[in-house]
Amino acid sequence: MARELDNREAGAPAKVRGMMSDRKRDLVLVGGGHAHVQVLRDFARNPPRRARLTLVVDTPIAVYSGMVPGFVAGQYRREDLEIDVLPLARRAGARVFLAPMTGLDMQRRRIRLAGRPSIPFDVASLDVGSMVAGFDLPGVRERALPTRPIGAFVQLVEEVATRAQPGPRGGHPLRLLIVGGGAGGVEIAFTLLARLGRGGAEARATLLSGGSRILADYPESLVRRVLRRARASGIDVRNGVRAVAAEAGVLVCGDGAREPFDLLVWVTGAVASRALAGIELPKDERGFLRTRSTLEVEGCDGLFATGDCAHLVDFPRTRKAGVYAVRQGPVLAANLKAALDGGRLGRYRPQSDFLTLLNMGDGTAIGGKWGVSFEGSWVMRLKDRIDRRFVRQFQVLDTRGAPAEAFREPPSMSAAMLCGGCAAKLGQTALHRALSRLDPPRRDPAVVLGLEAPDDAAAVVSPSGDVIVSSLDAFPAFTDDPYLVGQVGAVNAVSDLLAKGVAPRHALALVALPGGESPEQAEESLVQVLSGARAALDSLGVTLLGGHTTTASDLLVGFSVDGIADPRGSLLRMSGLRPGDRLILTKRLGTGVLFHADGRGEARGPWIQAALASMLQPNLAAARVAREAGATAATDVTGFGLAGHLAEMLRASGVSAVLDVGALPALPGALELLARGLRSTSHAANERGGRNIVIGSDAVAHPKLPLLFDPQTSGGLVFGVPAERAAFALERLRAAGDDAAAIIGSVAPGRADGSRIEVRAGR
Ligand SMILES: Cc1cc2nc3c(=O)[nH]c(=O)nc-3n(C[C@H](O)[C@H](O)[C@H](O)COP(=O)(O)OP(=O)(O)OC[C@H]3O[C@@H](n4cnc5c(N)ncnc54)[C@H](O)[C@@H]3O)c2cc1C
C-alpha cells in the first residue's frame, strides 16, 4: 500500500499488492485525458520499473480543449488540436486496449470493459473527463449539440459548419442558442458566430446563463470586456435563465419563456461521465470520484483519479478545467511510480489562479489573471503560442505517420520486432520447396483436396458420403491486445472454408502463451484470447470444441476449423479460373504495413481502428456473393499478399491475369506508410516470390504497387466471375456493406513465358 508523505506510519516498510512476486505489476491507465497524455510522455522517457502498462481508451484521439474554440472559429484544422494517444502509448511501451471502460470492481481490482472480459490491475488511474449537465432534460439529447465529450463535439461542429448555407434561413438569420454562461459557453458563442459569418451565413446568437452573471468566477473587468464585445457582435446575453426542456426549434425555460433556435449548443457545467456510474466508490453529489490531494480515490489505495472525473476533497472549489488536469499530470506520473514501488506519494495543490485566455473568434482574445484583464490580437497570438507548444509535446506523428522531430527514435521495445499475424507466414518459395522435397502423398481415395493439389483447405469424403472440409491457421500476435488477437485469429481461420464456399461448423484452438507470464497473467491472457475467439466464432455459428495450450516466446493463436460441403454445390477451388473472367477483391489491402508501423509507434490510431474493423469483418457475405455470382475459383488473401495468393490460383488454373494496380483498394494510412518506405517484415519475401509478375512501365512507379506484396492478416477474398456477372457481384457486395470491393483485373490465357500476372496502371 503506497502512502502519503504525512502518513502517520511514514517510515514503515511499504506493502504493495503483488510486491513480493517477481511478476510485473499491472498499471492500467483509463482515458487519454490531459493528465494521462503527460503520464505517457513521462513514461516514454522514464518507464516505471517492473510494470506492465496498459492504456484503455474509448477512442485513440484525445482533443486538447484549449484549442476547441479556435477550431470552431475555423482557425485550426482538426489535426492541430488532436493528440493521437496510440503512438504516444507505444513510445511509453504500453499495451493499448481500444474499448470503453464501463465500470470498476475495487474489491477484485478489475476494470470492466464494454463487450469483453474485465482486466485486472494492481495500480490504476482514471482520466475519463466529464459530460455536460442537464443533457437528460426532456428533448435536449435529441435536439442539442453537446460540447462534451469534446472529441464528438469537434466532429459535430465540422458537420454543422459545412452544412450552414450562406445568407438568411427561412426568412430570418440562423438563430444560435448557447446554453451555459461559463468560459466554454462564451467562447463557443463568439467563435461559432464568427465561423458562420465568415462562411456567409447570416446568424445571431443568444447566450443563456443560469447564474446572475456570466463567467461567475472570473474577474469583473474581464466580464465587462466580454459583455462589451458581445454587444458589438450582436450576442444577446441573458442571465438567470434556466433551461428545462427542448422542443422542436424551441427551448423551454424555467420561467415559462420559450426561446426559438435553429441550432442549440449545450455548454453547461460538468457531470460525471457514464463510465463512473458503474463504479461504487466514494463520490460527490454530481457523481465525481472523491479524491485526495495525492490523486488517490478516498479509501482506495492504488486507484487514482484526475482531471474532470475527480472531485478534490481538500480543494472542493477546483473548477472542471483542463488547466487543472494538465498540472496534475506530473504529480500523477510520479505517484503512479511510487504506488508501484511502494514509495511515498506527493501531493497536488491546485494553482490559486490561472491565466484565462478567451478566444473571440476574430483573431483577438480577452485575457485575465490576478484581477487584471487585457485584450487584443497580441493576446490571441500569446494564446496560440501557448496552446500549440503544449499540444506539440504529445503529437508523435504527422498526418503521413512520420515521427515529429522529438520522436524520431522508434520505441526500443519494438524497433526490431518481427511482424506477427499472417505476415509471419513462411515464405511461399520455402513452403513450395519443402513440400516438393517430400515423398509423394500416399494415395487415399477419400481425399478430395489434399497435398496433391494444395488448396486453402483440405477435404475428404466420409464413409456416409459427406465431404468434410477442414483447415488449420495460426499466427503470432500482430498486436498486444490478446482479446483482439483471438477475435481476429478466429475470423481469419474460418476464411479458408468460406473461400471454398463451405460454412464453418466447428473449431479447435491452439494457444501458445508467452513463457514469461506468471500463472495468473497466463490465465488472464488465455481468458482474453478465448473470449475474443468465442465472440467471433459464436456470431458465425461455429462451435469451439476444445484445443491445446502451450508456451512460446510470444503469444501465438491458431484454430483448426471444419465444415461439411453443401452436397448440392461443388467446392470452390483455387483452380477453375477461365480466360475472360473478371477478378474481384473484397476488403482493402494494407494490414501488413499498418501493423508493422504500429509496432514502431508510427501508425495513427484511426488507421489502426479502420484496419481492425476490416480484419474483424468475416468473409461470410463475400463467400455468399461469390457463389451467387457463379464464381469460378476463389481464395482468401493472407500472408503471401494479393500477388502471391492470386498467382497460386492462376497457376492452379493454368491461366494468367491482367491487373489494374489503380483499382486496388487501400486501407487508410497504408499508402502513406508505403510511400515513406515502410514494409512489413515478410514484404520482401513476397516480392521475391513474385518473379512471375510482369510490371508495365506505367505501373512501375504507381504508389499502390507495393500493396500487391503486403501480407494481409484476415484479408478479403479474391475470386473470378464470368465477365457478365461482375457488375452484379460488385453491387451485391456493396449492398452487403463492403464499400471497398473492386474489380481489379481480368483473367487471360496462360502465357508462353510462364508469367502469371501483368500489372498495368489502368486509372
Ligand atoms: C468548449 C469547451 C472549451 C473549453 N476550453 C477550455 C480551456 O480553454 N481551458 C481549460 O482549462 N478548460 C477548458 N475546457 C474544459 C476542459 O475541456 C475539461 O476540463 C478537460 O477536457 C478535462 O480534461 P480531462 O483530462 O479530465 O478529460 P478529457 O480531456 O475530457 O479526456 C477524457 C479522456 O477519456 C476518454 N474516455 C472517456 N470515457 C471513457 C471510457 N468510458 N473508457 C475509456 N476512455 C474514456 C476520452 O476519450 C478522453 O481520451 C473547455 C471545455 C469545453 C466544453
Side-chain angles (χ1 to χ4, degrees), residues 28-40 54-73 81-86 88-89 96-104 111-114 124-133 145-154 156-157 178 180 182-192 265-270 272-279 288-289 291 305-310 318-329 332 351 354-359 365 367 383 386-387 390 394 605:
V28 181
L29 303 180
V30 185
H34 293 62
H36 277 179
V37 292
Q38 295 184 77
V39 170
L40 290 171
T54 305
L55 174 70
V56 170
V57 275
D58 56 346
T59 157
I61 296 295
V63 173
Y64 174 55
S65 56
M67 290 169 83
V68 169
F71 171 78
V72 172
L81 49 147
E82 288 182 345
I83 296 170
D84 190 339
V85 294
L86 181 74
L88 187 62
V96 178
F97 289 8
L98 287 169
M101 175 186 80
T102 54
L104 184 145
I111 289 163
R112 288 193 282 269
L113 305 177
S125 172
L126 311 183
D127 183 9
V128 293
S130 59
M131 314 237 295
V132 284
L145 188 64
T147 45
R148 287 187 173 99
I150 215 151
F153 173 65
V154 165
L156 290 169
V157 162
I178 290 99
V186 165
E187 282 191 289
I188 294 299
F190 279 96
T191 52
L192 193 53
V265 188
W266 211 256
V267 206
T268 49
S273 91
R274 263 191 296 278
L276 299 191
I279 303 182
F288 296 114
L289 293 167
T291 304
T306 46
D308 279 10
C309 71
T318 308
R319 278 185 246 154
K320 300 293 179 204
V323 288
Y324 294 109
V326 165
R327 293 278 183 94
Q328 287 165 8
L332 178 67
Q351 54 271 45
F354 58 82
L355 176 65
T356 301
L357 295 168
L358 301 177
N359 188 341
K383 175 170 171 55
I386 294 172
D387 286 345
F390 177 78
F394 312 103

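Whatever order the structure lists them in is the order used to number ligands and atoms, beginning at 1. If you read the sequence from its start, that first residue is 1, and numbering goes on from there.
Judged purely by atom type and a 3.5 angstrom limit, K383 uses its side chain to pair as donor or acceptor with the backbone of G66. No side-chain donor-acceptor contact under 3.5 Å links D127 to the backbone of G31. Proximity of a side-chain donor or acceptor of K320 to a complementary backbone N or O of G307 within less than 3.5 Å is not detected. Within the 3.5 Å criterion, the main-chain N or O of A272 finds no donor-acceptor partner in the side chain of S130. Not one N or O on the side chain of S273 forms a donor-acceptor pair closer than 3.5 Å with the backbone of G129.
A distance limit of 4.0 angstrom between heavy atoms and ligand 1 selects the residues V30, G31, G32, G33, H34, V56, V57, D58, T59, S65, G66, P100, M101, D127, V128, G129, T147, R148, I150, I188, A275, G307, D308, K320, A321, G322, V323, A325.
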Derivation of the side-chain contact (heavy atoms from CB on, under 4.5 Å) call for H36 and L332: CA-CA 8 Å; H36 277 179; L332 178 67; 3.6 Å; yes
